2 protein chains.
Amino acid sequence: MIFSKTFGYALRGILYIALMQDEKRFVQIEEMAQKLGVPRHFLGKIMKRLVKEGMLLSVKGPYGGYTLSDATLQMPLLRLEDLTDGLGTFNNCVLRLRACNATNPCPLHFQMERIKGDLRRVMETTTIADLLHKDKKEFINSIATYEFDGSMLENEN
Amino acid sequence: MIFSKTFGYALRGILYIALMQDEKRFVQIEEMAQKLGVPRHFLGKIMKRLVKEGMLLSVKGPYGGYTLSDATLQMPLLRLEDLTDGLGTFNNCVLRLRACNATNPCPLHFQMERIKGDLRRVMETTTIADLLHKDKKEFINSIATYEFDGSMLENEN
DNA sequence: TGAATAAAAGACATCGTTGTCCTTTATGGT
DNA sequence: ACCATAAAGGACAACGATGTCTTTTATTCA
């Protein structure tokens, strides 16, 4: 499936935080989980991890929550993938053969190196900020899980 | 990681069988597992599945084992991927959003549709037979797991 | 018919991912 | 100081992918 669920939750979480920065300094996990339709405690674990890795800032207590810096907005998606899924997709043989390389290629080596190269390029050259340029409401819909029928988020903002 | 271990084992198993067809009518699971460096019983399960799906033929008892038809050699890799991993990679949003599509795209939709399209094309247009054209010994090395130093398979054939 | 061989079948174990729950720690407001 | 809030931390559960083991079924050969 290319990415883990963890990566998906992490990216959507970060995007949601980024999107809310003009409204509030900190976003709470509860709000994120509800708006995104994601398991609350699992998302909490992921966020904690990202905080530890310096990708997010967190503040405990009332009015606390998560926030992110401009530096994070400029990070390539590859960095996030590294923190969640690791880079096995790019560093390992698709058939997981240890000895596979250009001089001793597995049967799929060259075809897949091309694909992996293309994918890596996207992940390297696309930043968090690059994903953000859109109408805010529409954007939130596009990262929420449920089948959106136009009625759910309208009255919250 | 793009493909599961199961897919890798399945493909390598099929390729090994295909490669042995000029020497013996049937290939035994024991031999496959040893030569490929793959867990024997797990490989057995996978082969059983492929037999049930019509991709392989099996015969029980002495001199029995697995064999495959020319039709199988002409099958695209996508068919094997479907039987093992399913086609979620192509049919689902990379972020697993149910509502994601061209008119309501997730933030990664268009970049990833391109990658997925490229990958799908490779899997659709490449057949088992396409992977086979090589020196036999060299080819077996290329699908064996261990780090090959030139000494391991030499005395077996 | 009996013995050996090999796949099929199914029970069970391990492990990583995903997910839940409860307790602890930090912070802000009163 | 006390209370409420919210993240951090850790224990544990559920599940699917992966892997092992034993029994059953089919086939060959003598």
Side-chain angles (χ1 to χ4, degrees), chain A residues 1-14 17 20 24-34 36-68 81 83-86 88-89 92 95-96 145, chain B residues 1-10 12-13 17 20 24-34 36-68 81 83-86 88-89 92 95-96 145:
Chain A
M1 291 282 271
I2 304 188
F3 304 128
S4 69
K5 279 191 163 190
T6 298
F7 171 83
Y9 292 160
L11 177 59
R12 290 161 63 200
I14 287 174
I17 296 169
M20 288 299 156
K24 42 184 0 194
R25 270 185 57 54
F26 297 102
V27 183
Q28 289 79 40
I29 197 81
E30 185 61 42
E31 175 186 338
M32 295 173 57
Q34 280 184 15
L36 299 177
V38 146
R40 196 217 122 122
H41 295 285
F42 188 41
L43 183 60
K45 267 189 193 173
I46 298 168
M47 292 298 112
K48 173 183 62 176
R49 178 98 174 287
L50 297 180
V51 168
K52 195 169 289 179
E53 299 287 349
M55 202 146 188
L56 291 179
L57 281 182
S58 70
V59 169
K60 293 181 180 179
Y63 305 97
Y66 299 93
T67 189
L68 50 78
E81 187 177 6
L83 294 183
T84 53
D85 299 353
T89 303
N92 300 338
L95 301 183
R96 294 170 161 83
T145 273
Chain B
M1 290 280 270
I2 306 188
F3 304 129
S4 69
K5 279 191 163 190
T6 298
F7 172 83
Y9 292 160
R12 290 162 64 200
I17 296 169
M20 288 299 157
K24 42 184 357 192
R25 268 183 61 52
F26 297 101
V27 183
Q28 289 79 39
I29 197 83
E30 185 61 42
E31 174 186 339
M32 295 173 58
Q34 279 183 17
L36 299 179
V38 148
R40 196 216 123 122
H41 294 286
F42 188 42
L43 183 60
K45 269 190 192 169
I46 298 167
M47 293 297 113
K48 174 183 62 177
R49 179 97 176 287
L50 297 180
V51 167
K52 196 169 288 179
E53 299 287 349
M55 202 144 189
L56 293 177
L57 280 181
S58 69
V59 170
K60 291 182 183 179
Y63 305 97
Y66 299 94
T67 191
L68 52 76
E81 188 177 6
L83 294 183
T84 54
D85 299 352
T89 302
N92 300 339
L95 300 183
R96 294 170 160 85
T145 271

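Each chain gets a letter, A, B and so on, in the order the sequences are listed, and its residues count up from 1. In this text, all values refer to a predicted model and were calculated from it rather than measured experimentally.
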| query | Looking across every strand, which nucleic acid part, if any, lies under 4.0 Å from B/Phe26 by heavy atom: base, sugar-phosphate, or nothing? | reply | nothing
| note | Regarding the side chain of A/Lys60, the nearest nucleotide among C/dT25, D/dT28, C/dT18 is C/dT25
| request: Report the secondary structure of DNA chain D in dot-bracket form, marking unpaired bases with a dot and bases paired to a different strand with |, and treating Watson-Crick or G-U pairs with both distances under 3.5 Å as paired. | output: ||||||||||||||||||||||||||||||
| task | Would you kindly give the CE-to-C1' distance between B/Met55 and C/dA7, to the nearest whole Å? | result | 19 Å
| task | Could you pull out all residues at least two apart from B/Thr67 that satisfy side-chain hydrogen bond (donor to acceptor under 3.5 Å, both in side chains)? | result | B/Gln21
| remark: Here the distance between atom C1' of C/dT18 and atom CZ of B/Arg96, to the nearest Å, is 10 Å
| salt bridge (Lys or Arg N to Asp or Glu O under 4.0 Å): pairs with one or both residues in residues 42-64 of chain B, sequence neighbours excluded | none
| message | Please list, in numerical order, the residues of residues 40-49 of chain B that have a heavy atom closer than 4.0 Å to any atom of DNA chain D. | response | B/His41, B/Phe42, B/Lys45
| task | Nearest whole angstrom, please: distance from the P of D/dA4 to the CD of A/Gln28. | result | 18 Å
| field | Residue pairs involving residues 36-58 of chain A (criterion ring-ring contact (aromatic ring centres under 6.0 Å, His included); sequence neighbours excluded) | value | A/Tyr9-A/Phe42
| request: Give, for atom CD1 of A/Ile2 and atom OG1 of B/Thr89, the distance between the pair rounded to the nearest 0.5 Å. | output: 6.0 Å
| said: Can you measure A/Lys24 atom NZ to D/dT5 atom C1' for me and round it to whole angstrom units? | reply: 13 Å
| request: Could you list the residues that satisfy salt bridge (charged side-chain N to carboxylate O under 4.0 Å, His left out) with B/Arg40, not counting sequence neighbours? | output: B/Glu30
| field | side-chain contact (heavy atoms from CB on, under 4.5 Å) involving B/Val59 - partner list, sequence neighbours excluded | value | B/Phe26
| note | From the candidates C/dA7, D/dG19, D/dA6, the one with an atom nearest any side-chain atom of B/Pro39 is D/dG19
| request: Hey, which sits more toward the 5' end of DNA chain C by its nearest nucleotide, A/Phe3 or A/Val59? | output: A/Phe3
| Set of residues satisfying side-chain hydrogen bond (donor to acceptor under 3.5 Å, both in side chains) with respect to A/Ser4, sequence neighbours excluded | A/Asp85
| task | Could you tell me whether the phosphate oxygens of D/dA6, OP1 or OP2, come under 4.0 Å of any side-chain nitrogen or oxygen in A/Ser58? | result | no
| Is B/Tyr9 near enough to D/dG19 that one of its side-chain N or O atoms lies under 4.0 angstrom from OP1 or OP2? | yes
| query | Separation of A/Met1 atom CE from C/dT17 atom P, in whole Å? | reply | 15 Å
| message | Mind checking if A/Phe7 touches a base, just sugar-phosphate, or nothing, with heavy atoms under 4.0 Å? | response | nothing
| query | Within the structure shown, what part of the strands sits under 4.0 Å from A/Val38 by heavy-atom distance: base, sugar-phosphate, or nothing? | reply | nothing
| Within this structure, what is the NZ-to-C1' distance between A/Lys5 and D/dG16, rounded to whole angstrom? | 11 Å
| B/Tyr63 and B/Gln28: which non-hydrogen atoms are nearest, and at how many Å? | C-NE2, 4.2 Å
